[in-house]
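Data block below; observations after.
Below, read A as the first sequence line, B as the second, and so on, with proteins coming before strands; counting in each chain starts at 1.
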Amino acid sequence: MAEEAEGGVPEEILSLWEREQAQLKARVVDRDTEEWQREPAFSGLRRVGGVDLSFVKGDCARACASLVVLSYPELEVLYEDNQLVSLSTPYVPGFLAFREVPFLRDAMQRLRDTKPSLVPQAGFGVACHLGILTDLPCIGVAKKLLQVDGLENNALHRERMQLLHAGGDSFPLMGESRTVLGMALRSHDRSTNPLYVSVGHKVSLQTAVRLTHSCCRFRIPEPVRQADIRSREHIRRTLGLPAAPEPAPKRSQKVHPKGNLEETLD
DNA sequence: GCGACAG
DNA sequence: ATCTTGTCGC
């Protein structure tokens with residue numbers, strides 16, 4: 001039988017993925033390709049997309065894949081597509097896209113088929129993989145540092161985090177290969193934990209960071225946050241479980257209604 | 001002493 | 001990813 005090294009994935013599949021990744025990497029465009037990306041306030045940008053998968057509690061295979069499209073700069077949901085899917089591939093660090101991207105690509109295709117006018121001009125929530133497959137500008141967004149190419153959440157890293165004082169502050173993630181793999185970004189004034197913005201497709205890292213910041217009402221960029229919320233909600237409604245947890249009317253601090261746009265537009 | 005590693 | 005309440009701070 002085939003030996004299984006990573007997460008129960010046969011070596012044969014793993015080497016297939018490695019080759020596929022190398023081919024995709026060669027096709028990545030890591031610079032700005034759209035006019036609006038050069039604009040100080042991204043004028044011309046009207047729609048941003050977000051993707052996410054939420055998983056069924058006791059199930060390692062079933063999940064809900066969600067694609068949402070938000071208006072920009074209002075960040076209001078214009079479109080959502082939630083699809084219950086069955087995952088065939090286990091999670092392997094470094095190969096996340098092979099597990100999740102097929103369903104997101106399908107969702108994007110459904111959008112192109114049914115409502116082409118709502119196709120987003122930029123996508124959040126996955127790195128370059130989906131960008132290559134859809135030919136759309138995409139940005140990678142993670143809540144935790146992917147420890148690869150020598151990147152480590154060590155003392156030095158945490159020290160640099162301390163130096164991020166205001167929303168929009170960032171520092172580069174330099175791998176051992178002397179390649180900048182992404183940026184740690186303080187996405188909001190009231191958020192200590194940085195966001196990890198990785199090199200995507202058809203957008204420069206600098207623009208990716210600026211755009212991500214401008215889409216953050218909270219720590220997580222609104223497109224991804226809405227995809228996350230709506231994918232979980234879809235699971236709850238579909239596989240009906242306990243009643244909807246009514247969010248107690250907590251006192252809400254004075255939050256800027258439209259994220260960090262003020263700073264961006266200043 | 002355990003386990004560290006995007007989701 | 002998911003299991004989970006209250007609690008601290010603005």
Side-chain angles (χ1 to χ4, degrees), chain A residues 5-9 14 17-18 21 24-25 50-67 82 84-104 123-131 138-155 157-158 165-167 173 175-176 181-200 208 212 217-221 224-225 227-236 239 241-242 245-256:
Chain A
E6 301 276 357
V9 176
L14 219 47
W17 285 354
E18 284 166 356
Q21 267 185 345
L24 289 168
K25 184 177 179 181
V51 293
D52 191 46
L53 268 71
S54 289
F55 292 79
V56 177
K57 188 162 41 179
D59 199 324
C60 60
R62 282 197 299 174
C64 176
S66 175
L67 164 66
N82 298 295
L84 279 176
V85 300
S86 189
L87 303 186
S88 50
T89 312
Y91 167 64
V92 181
F95 299 95
L96 174 66
F98 289 95
R99 173 167 159 87
E100 302 193 349
V101 144
F103 307 101
L104 303 173
F124 293 81
V126 286
C128 43
H129 203 127
L130 183 61
C138 276
I139 297 171
V141 176
K143 297 189 284 291
K144 292 186 295 188
L145 178 65
L146 172 58
Q147 310 207 174
V148 69
D149 193 18
L151 293 182
E152 217 181 336
N153 192 6
N154 54 23
H157 180 80
R158 289 191 294 272
H165 291 124
L173 304 168
E176 281 175 343
L181 299 169
M183 301 278 276
L185 166 71
R186 180 158 179 162
S187 63
H188 201 280
D189 285 337
R190 291 163 291 279
S191 179
T192 295
N193 239 342
L195 204 61
Y196 297 96
V197 176
S198 60
V199 172
T212 300
R217 301 171 62 172
F218 304 99
R219 177 173 177 244
I220 306 300
V224 179
R225 183 169 165 269
D228 175 73
I229 291 171
R230 286 156 197 265
S231 57
R232 319 175 115 80
E233 179 63 12
H234 187 264
I235 287 178
R236 195 193 61 71
L239 309 175
L241 280 171
E246 180 68 31
K250 283 180 181 278
R251 286 173 291 109
S252 62
Q253 53 185 310
K254 184 193 174 193
V255 171
H256 297 296

What's the [atom1]-[atom2] distance between [X] and [N], to the nearest Å?
| X | N | atom1 | atom2 | result |
| --- | --- | --- | --- | --- |
| A:Arg190 | C:dC8 | CZ | C1' | 16 Å |
| A:Arg99 | B:dA6 | CZ | C1' | 12 Å |
| A:Glu100 | B:dA6 | CD | C1' | 9 Å |
| A:Leu96 | B:dG7 | CG | P | 8 Å |
| A:Leu146 | B:dA6 | CG | P | 6 Å |
| A:Leu151 | B:dC5 | CG | P | 14 Å |
| A:Asn154 | B:dG3 | CG | P | 22 Å |
| A:Lys144 | B:dA4 | NZ | P | 11 Å |

* Heavy atoms under 4.0 Å, any strand shown: does A:Gly94 hit a base, just sugar-phosphate, or nothing? -> base
* Would you mind classifying the nucleic acid contact of A:Phe98 as base, sugar-phosphate or nothing, using non-hydrogen atoms under 4.0 angstrom? => nothing
* To do: Among B:dG7, B:dC5, C:dC3, find the nucleotide with the atom closest to the side chain of A:Pro93.
  => B:dC5
* Closest non-hydrogen atom pair, A:Ala127 against A:Cys138 -> O-CB, 4.0 Å
* Kindly compute the distance separating CZ (A:Arg186) from CG (A:Asn193), expressed to the nearest 0.5 Å. => 10.0 Å
* Asked: Are A:Tyr91 and the base of B:dG7 stacked, counting only ring centres nearer than 5.5 Å and planes tilted under 30°?
  -> yes
Looking at [X], I'd like to know whether one of its side-chain N or O atoms comes within less than 4.0 Å of OP1 or OP2 on [N].
| X | N | result |
| --- | --- | --- |
| A:Arg232 | C:dT2 | yes |
| A:Tyr196 | B:dA6 | no |
| A:Lys143 | C:dA1 | yes |

* **Geometric class of the A:Trp17/A:Phe95 ring pair [parallel <30°, tilted 30-60°, perpendicular >60°]** => tilted
* Donor-acceptor pair, side chain of A:Ser187 and main chain of A:Arg219, under 3.5 angstrom -> yes
* Inspect the contact between A:Arg236 and A:Glu233 and indicate whether a charged nitrogen and a carboxylate oxygen are less than 4.0 angstrom apart. => yes
